[in-house]
Amino acid sequence: MFNLILFGPPGSGKGTQSEKLIARYGLKHLSTGDLLRSEISRQTSLGQAAKNFMDKGELVPDEVVIGMISSSLDENPGVAGFLFDGFPRTSAQAEALDKLLQLKKESIGVMLALHVTEEELVKRLLKRGETSGRSDDNNENVIRNRIIEYQNKTAAVADYYQQFNKVVMVEGEGTIEEIFNDLCAEIDKRIK
Ligand code: ADP
């Protein structure tokens, strides 16, 4: 299996690039944001609890997302690999993911970290808010709060993987194709 983390702040293009990467490499896409939004639209109790955090731009508690990922790993035996998008977002999530993968004798192959400036992020998220129907995208205060949560809690996740030399920075500004080509080049160097 080849397991990949696509990392970066909100609005850095993880969702867009994930779609292209899973098509090229046949990976199973696990986006905690998508999984949470699906729980909300199905009006599950998990979704209702998560919505309160998401609407404020805060992270959902670790145990909730870790449980979701654990189930998703179990539900997809025999895949070519997983592409984690929007997860892990805290050091505790990163440690939990390592343990879950270890139980399956698997590990993370690489973390690809998209670099985008804050002004560009806010611009992209506000633009996405015009069409995405996502309530957390059309309020600048909520967007700023998501970026603050990223800086306070999520940025450290890159340090966690850095200790194992698994982090590669990729420029996240440019055309979608340019960024995709850069990501693929890094994956191709590592995939067997
Ligand atoms: P974006 O990358 O644009 O922030 P996501 O769809 O990844 O969008 O996440 C939307 C929201 O879902 C986050 O602001 C957060 O509240 C919640 N969320 C998603 N993934 C996680 C996670 N791994 N841990 C905690 N909260 C999460």
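Every number for a ligand or one of its atoms is a count from 1 in the order of the listing. Quick caveat: nothing in here was measured; it's all calculated off a predicted structure. The first residue in the sequence is number 1, and the count goes up from there.
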(message) With a 4.0 Å cut-off on N to O distance, would you call Glu119 and Arg144 a salt bridge?
(response) yes
(message) I'd like to know if the side chain of Gln17 reaches the main chain of Gly13, judged simply by a donor and an acceptor atom lying under 3.5 Å from each other, with no hydrogens or angles considered.
(response) no
(request) Look only at the side chain of Asn3 and the backbone of Gly81, and say whether a donor-acceptor pair between them is shorter than 3.5 Å. (result) no
(message) Would you compute the distance between atom CG of Asn139 and atom CZ of Arg146 and round it to the nearest 0.5 angstrom?
(response) 10.0 Å
(message) Salt bridge or not between Lys127 and Glu130? Use side-chain N to carboxylate O under 4.0 Å.
(response) no
(request) Write down, by chain and number, every protein residue that brings a non-hydrogen atom to less than 4.0 Å from an atom of ligand 1. (result) Pro10, Gly11, Lys14, Thr32, Gly33, Leu36, Arg37, Met54, Glu58, Leu59, Val60, Val65, Gly86, Phe87, Arg89, Gln93, Arg128, Arg134, Asp136, Arg146
(message) Once side chain to side chain contact (heavy atoms under 4.5 Å, CB included) is applied, do any residues pair with Ala80, and if so which ones, sequence neighbours excluded?
(response) none
